[in-house]
Amino acid sequence: MRGTVIHAPGDVRFETLDDPKILHPTDAVIRTAVTCVCGSDLWPWRGLEPIGDAHPMGHEYVGFVEEVGSEVSAVKPGQFVVGSFATSDNTCANCRNGFPSNCLHREFMSTCQADYVRIPNAQGTLVATDEVPGEELWPGLLAVSDVMGTGWWAAEAAEVKPGSTAVVVGDGAVGLCAVIAAKEMGAERIIAMSRHESRQKLAREFGATDIVTERGDEGIARIKDLTDGIGADSVLECVGTAQAMQQALYSARPGGNVGFVGVPHEVAIDGQELFFSHVGLRGGPVPVRRYLPDLIERVVTGRIEPGKVFDLTLPLDQVAEGYKAMDERRAIKALLKP
């Protein structure tokens, strides 16, 4: 098969790789329907995470089951399935407590920008749709496998409630999906922080009521201005930088909550400041599997359309252009078709 391999910062190639095989009775192999480039893929691309030896890339996927191991009965060959970047057995104590992304048998997916993918823990990880969805729904279902689930987790972690005010820090695919989530959870006011006109437009389409273009101290001051000097009930941090985290913490009201889902890079939190702020803080890898049945249903019925975050579609063999376009902010998120 063919798949994506990163060799060095800025060096992603589409190469011939070994076909995936069933290695354990809990495995499945799927044929990729569509996959994509994630904002988190840009950290190693930009040289901000170590790469080490050349290795495959990609952790978002939907596709058709080709083969299953002897212990997999939840899905069968021919079915269209959605999964998570963090595989899970869906039976261990952490899974039962609602955190399958911290499954005791978790494996992180990292080979999905390819024609075929081996899925560990397939019994607990994969969810089949009732029937094969039309291709127009594939982008939305692909978003559910990560960025829509991540946006949903940001809203849940920040305790967005009906009638509340929510601030979304970050206008990438996760931030835009967080706007959808805040809207679905009943936020009355949703303030999206964005400097890019095309992303502002999509944020408003998804439910944002206000746009803040300022960043840093100016951005915090603007949020305070919009909330009568108090701050927001919920802040959804969807970036992962030190500035984004500071902006989120200082934009929340006393007693408010911050949900942080951007993978932290050089983020340090002052314990005394957090203590005296009365701001709650929760985040981590999104428990995608917990949300899959609900979010799949919302996409299939047309209630939400997270697939709109894909504003660039490329053949899978042009994956390197997808990385470049996202790095240069010419695209929000690149959809890749095998």
Side-chain angles (χ1 to χ4, degrees), residues 3-15 35-61 84-87 101-102 106-114 117 142-143 145-151 153-154 157 168-178 193-196 199 215 236-248 258-269 283-286 288 309-312 314 316 318-336:
T4 304
V5 176
I6 188 168
H7 289 260
D11 184 6
V12 162
R13 308 175 195 173
F14 195 60
E15 301 180 349
T35 183
C36 56
V37 181
C38 182
S40 62
D41 295 332
L42 299 181
W43 292 105
W45 165 267
R46 291 168 174 161
L48 299 174
E49 282 182 1
I51 292 172
D53 294 335
H55 58 81
M57 289 290 286
H59 56 266
E60 297 160 283
Y61 59 96
S84 167
F85 64 88
T87 71
S101 51
N102 231 311
R106 173 185 66 190
E107 294 185 42
F108 285 115
M109 297 301 299
S110 60
T111 64
C112 299
Q113 291 164 2
V117 185
L142 179 61
S145 79
D146 185 355
V147 292
M148 185 62 239
T150 302
W153 168 229
V168 177
V169 179
D171 63 356
V174 171
L176 291 166
C177 287
M193 306 192 82
S194 173
R195 288 180 166 181
H196 298 83
R199 299 175 187 223
R215 290 184 182 175
L236 291 60
E237 193 281 295
C238 303
V239 183
T241 63
Q243 183 190 63
M245 178 63 84
Q246 182 183 52
Q247 203 162 264
V258 171
F260 70 107
V261 298
V263 180
H265 287 74
E266 299 182 353
V267 172
I269 296 169
V286 51
V288 167
V309 300
F310 294 103
D311 56 348
L312 175 65
L314 296 168
L316 183 53
Q318 293 181 29
V319 59
E321 171 57 21
Y323 276 75
K324 290 177 185 176
M326 288 177 62
D327 178 52
E328 296 167 3
R329 298 185 77 85
R330 291 184 283 114
I332 300 170
K333 193 166 178 68
L335 183 79
L336 304 170

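The model shown is predicted, which means the values in this text are computed figures rather than measured ones.
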Check your understanding: Is Leu335 close to Leu142 at the side-chain level, that is, under 4.5 Å between some pair of heavy atoms?
Key -> yes
Study note, to complete from the structure: Separation between CG (Asn102) and CZ (Arg106), nearest 0.5 Å, reads 5.0 Å
Study note, to complete from the structure: In terms of heavy-atom contacts, Val239 and Val169 come closest through CG2-O, 3.7 Å
Practice item. Could you tell me which non-hydrogen atom of Leu314 sits nearest to which non-hydrogen atom of Gly322, and how far apart they are? Key: CD1-N, 3.4 Å
Exercise for review: Give a yes or no answer on whether the side chain of Glu321 reaches the backbone of Lys324 with a donor-acceptor pair at less than 3.5 Å.
Suggested key: no
Practice item. Take Cys38 and Asp146 through the test side chain to side chain contact (heavy atoms under 4.5 Å, CB included) and record every step on the way to the result. Key: CA-CA 9 Å; Cys38 182; Asp146 185 355; 3.8 Å; yes
**Study point:** Phe108 versus Ala86, closest heavy-atom pair with distance
**Key:** CE2-CB, 3.8 Å
Exercise for review: Check for a donor-acceptor pair, side chain of Lys333 on one end and backbone N or O of Asp311 on the other, with a separation under 3.5 Å.
Suggested key: no
Point to revise | Flag if over 12 foreign heavy atoms under 6.0 Å of CD, Glu328 | key: yes
Exercise for review: For Cys238 and Ala154, work out which heavy atoms get closest and say how close.
Suggested key: SG-CB, 4.3 Å
**Study point:** Given Met57, Arg13, Gln113, the one that forms side chain to side chain contact (heavy atoms under 4.5 Å, CB included) with Ile6
**Key:** Met57
Exercise for review: Flag the pair Met193 / Arg215 as yes when at least one side-chain heavy-atom distance between them is below 4.5 Å, and no otherwise.
Suggested key: no
Practice item. Drop me the distance from Ser194's OG to Arg199's CZ, to the nearest 0.5 angstrom. Key: 7.0 Å
Check your understanding: Got Val117 and Met109 here, is their nearest side-chain heavy-atom distance under 4.5 Å?
Key -> yes
Practice item. Kindly indicate whether the side chain of His7, heavy atoms from C-beta on, has any atom under 4.5 Å from the side chain of Glu15. Key: yes
Check your understanding: Out of curiosity, His265 NE2 to Leu48 CG, how far, rounded to the nearest 0.5 Å?
Key -> 7.0 Å
**Study point:** Ser101 side-chain N/O to Pro285 backbone N/O, donor-acceptor pair under 3.5 Å
**Key:** yes
**Study point:** Inter-residue atom distance His196.NE2 - Arg329.CZ, 0.5 Å rounding
**Key:** 4.0 Å
**Study point:** Whether Phe85 and His59 hold their rings parallel, tilted or perpendicular, with breakpoints at 30° and 60°
**Key:** perpendicular
**Study point:** Val12 side chain reached by Val5 side chain, heavy atoms, under 4.5 Å
**Key:** no
Review point. Are any of the side-chain heavy atoms of Ser145 and Val288 separated by less than 4.5 Å?
Key: no
**Study point:** Minimum heavy-atom distance Leu236-Ala178, with the two atoms named
**Key:** CD2-CB, 3.7 Å
**Study point:** Met326 CE to Trp45 CH2 distance, which is reported to the nearest 0.5 Å
**Key:** 11.5 Å
Review point. Are any side-chain N or O atoms of Thr35 and backbone N or O atoms of Cys112, one a donor and one an acceptor, separated by less than 3.5 Å?
Key: yes
**Study point:** Heavy-atom pair with the smallest gap, counting every atom of Gly172 and Ile332
**Key:** C-CG2, 4.1 Å
Review point. Checking Tyr61 side chain against Ser84 main chain: does a donor-acceptor pair fall under 3.5 Å?
Key: yes
Practice item. State plainly whether the residues Arg46 and Asp41 are in salt-bridge range, i.e. N to O under 4.0 Å. Key: no
Point to revise | Between CG on residue Asp327 and CG on residue Leu42, distance to nearest 0.5 Å | key: 6.0 Å
